[in-house]
Amino acid sequence: MTGRGSVRPFVNFNAKQDSELLHKAMKGIGTDEDTILMLLTARSNDQRQQIKAAYKKAHGKDLVSALKSELGGLFEDLIVALMTPSISYDASQLHKALKGAGTNDDVLIEILASRTGEQIKDIIKVYKKECGGKLDKDICGDTSGHYQKLLVILLQGSREEGVDEEKIEKDAKDLYAAGEGKFGTDEEQFITILGSRSTAHLRKVFDAYKKLYGSDIEDTIKGEMTGNLEDLFLAVVKCARSVPAFFAEALYGSMRRAGTDDGTLMRIMVSRSEVDMLDIRACFKKQYGASLYTTIKEDTTGDYQKALLYLCGGND
């Protein structure tokens with residue numbers, strides 16, 4: 001999956017030069033937002049960290065604080081997010097989701113269902129260092145029941161490797177027996193299979209399930225589960241099928257309703273811009289018949305809109 005991002009490292013990169021361009025954009029009366037947004041959306045996250053260091057060295061000030069004092073609103077939030085190292089960004093989003101008034105379950109579900117095992121291990125380390133707590137402890141303090149149990153399993157980031165041909169049909173039958181095949185639901189069985197098998201294995205299990213019982217596993221989950229547990233199981237299934245399709249659907253949901261869910265829109269555009277934005281765009285177009293670019297354009301305004309469109313990287 002290399003190189004499927006819309007944002008790539010800038011070829012003739014010069015951190016010192018970039019830091020001076022930003023300094024100039026913020027100096028004096030008024031701020032040159034266009035320079036800021038065009039420059040930062042055209043650099044990789046790693047390059048932005050180097051610009052931050054160069055700025056500090058030249059001006060003795062923190063670049064992020066300088067940007068914050070010049071910008072405002074959603075545009076400021078977006079620029080600050082772009083300036084944050086990606087693992088720190090995930091960790092801070094989780095921290096905010098857990099430490100705010102009430103729990104933002106959408107964020108927990110989105111991040112823990114979609115990140116790789118390696119990424120989750122890194123997030124746990126950074127969370128401890130930068131947010132001053134243990135992620136598993138904070139999640140357990142904020143959640144309960146089977147929902148909590150599955151989150152904790154996902155936090156271990158230790159899915160099995162490869163496909164176990166012997167287990168495919170058995171897993172499909174076990175899922176049926178745990179859900180549609182009985183009165184009530186055996187959530188533990190769902191957790192065991194969906195929480196620990198590899199994604200490649202799960203895709204084959206879902207195919208076998210459809211072949212054996214004529215229905216998609218998603219429909220079974222919707223019929224058997226409710227609330228956060230249902231949402232988490234669905235996210236796990238969707239990410240096993242296709243992470244870009246999962247994000248395309250989440251982006252569509254963030255925009256196509258009364259009021260835009262800017263938190264979700266921003267989080268996905270920032271965190272996927274260097275990973276799989278090109279695939280997300282293709283899934284979006286295929287699924288909804290409109291381009292992600294036009295949808296963002298219709299739903300947002302101002303510098304915030306311009307920056308998001310640069311992250312999107314083009315119209316399809």
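All residue numbers in this chain count up from 1 along the given sequence.
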Original post:
Any side-chain donor-acceptor pair under 3.5 Å between S86 and N45?
Top reply: no
Original post:
Above 12 or not: heavy atoms from other molecules or residues under 6.0 Å from NZ of K68?
Top reply: no
Original post:
Is K182 atom NZ crowded by more than 12 heavy atoms from other residues, nucleotides or ligands, each under 6.0 Å away?
Top reply: yes
Subject >> N-O pairing of K306 and E33 below 4.0 Å >> reply: no
**OP:** I would like to know whether K170 and D174 meet salt bridge (charged side-chain N to carboxylate O under 4.0 Å, His left out); could you show each step before the answer?
**Re:** CA-CA 6 Å; K170 183 183 183 309; D174 286 348; 2.7 Å; yes
Subject >> 4.5 Å side-chain heavy-atom contact, V64 and T84 >> reply: no
Original post:
So, S92 and Y127: side-chain donor and acceptor under 3.5 Å apart, yes or no?
Top reply: no
Original post:
Have D138 and H95 got a donor and an acceptor in their side chains that come within less than 3.5 Å?
Top reply: no
**OP:** Tell me yes or no: between the side chains of Q17 and N14, is some donor less than 3.5 Å from an acceptor?
**Re:** yes
**OP:** Before giving the answer on salt bridge (charged side-chain N to carboxylate O under 4.0 Å, His left out), spell out for K56 and D62 the whole-Å C-alpha distance, their side-chain angles and the decisive distance to 0.1 Å.
**Re:** CA-CA 6 Å; K56 177 90 176 167; D62 176 50; over 6 Å; no
Original post:
Going through the checks in order, is the side-chain hydrogen bond (donor to acceptor under 3.5 Å, both in side chains) test met by H59 and E20?
Top reply: CA-CA 9 Å; H59 302 285; E20 286 318 300; 3.0 Å; yes
Original post:
Are any of the side-chain heavy atoms of R159 and S196 separated by less than 4.5 Å?
Top reply: no
Original post:
Between E161 and S198, do the side chains contain an N or O donor and an N or O acceptor separated by less than 3.5 Å?
Top reply: no
Original post:
Can D279 and R272 be said to form a salt bridge (charged side-chain N to carboxylate O under 4.0 Å, His left out), step by step?
Top reply: CA-CA 10 Å; D279 299 316; R272 308 314 289 186; over 6 Å; no
**OP:** Indicate the atoms forming the closest heavy-atom contact of E180 with S215, along with that distance.
**Re:** OE2-OG, 3.5 Å
Subject >> Contacts of D77 that satisfy salt bridge (charged side-chain N to carboxylate O under 4.0 Å, His left out) - sequence neighbours left out >> reply: none
Original post:
Testing L71, T35, L63, D32 for side-chain contact (heavy atoms from CB on, under 4.5 Å) with M26, which one passes?
Top reply: L63
Original post:
Looking at A66 and Y55, what are the two nearest heavy atoms and their distance?
Top reply: CB-OH, 3.7 Å
Original post:
Is Y304 close to I79 at the side-chain level, that is, under 4.5 Å between some pair of heavy atoms?
Top reply: no
Subject >> Nearest atoms (heavy-atom pairs only) where M38 meets Y310 >> reply: CG-OH, 3.4 Å
**OP:** Compute whether any side-chain donor of one residue and acceptor of the other, for D231 and Y147, lie under 3.5 angstrom apart.
**Re:** no
**OP:** Answer yes or no: does atom NZ of K204 have more than 12 heavy-atom neighbours from other residues, nucleotides or ligands under 6.0 Å?
**Re:** no
Original post:
More than 12 heavy atoms of other residues, nucleotides or ligands under 6.0 Å from OH of Y288: is that the case?
Top reply: yes
Original post:
Do you know which two heavy atoms are closest between I296 and M269, and how far apart they sit?
Top reply: CD1-CE, 3.7 Å
Original post:
Do L151 and Q148 come within less than 4.5 Å of each other through their side chains, counting heavy atoms only?
Top reply: no
**OP:** For atom CD of E169, decide whether the heavy atoms of other residues, nucleotides or ligands shown that lie under 6.0 angstrom number more than 12.
**Re:** no
Original post:
In this structure, are over 12 heavy atoms from other groups packed under 6.0 Å from K121 atom NZ?
Top reply: yes
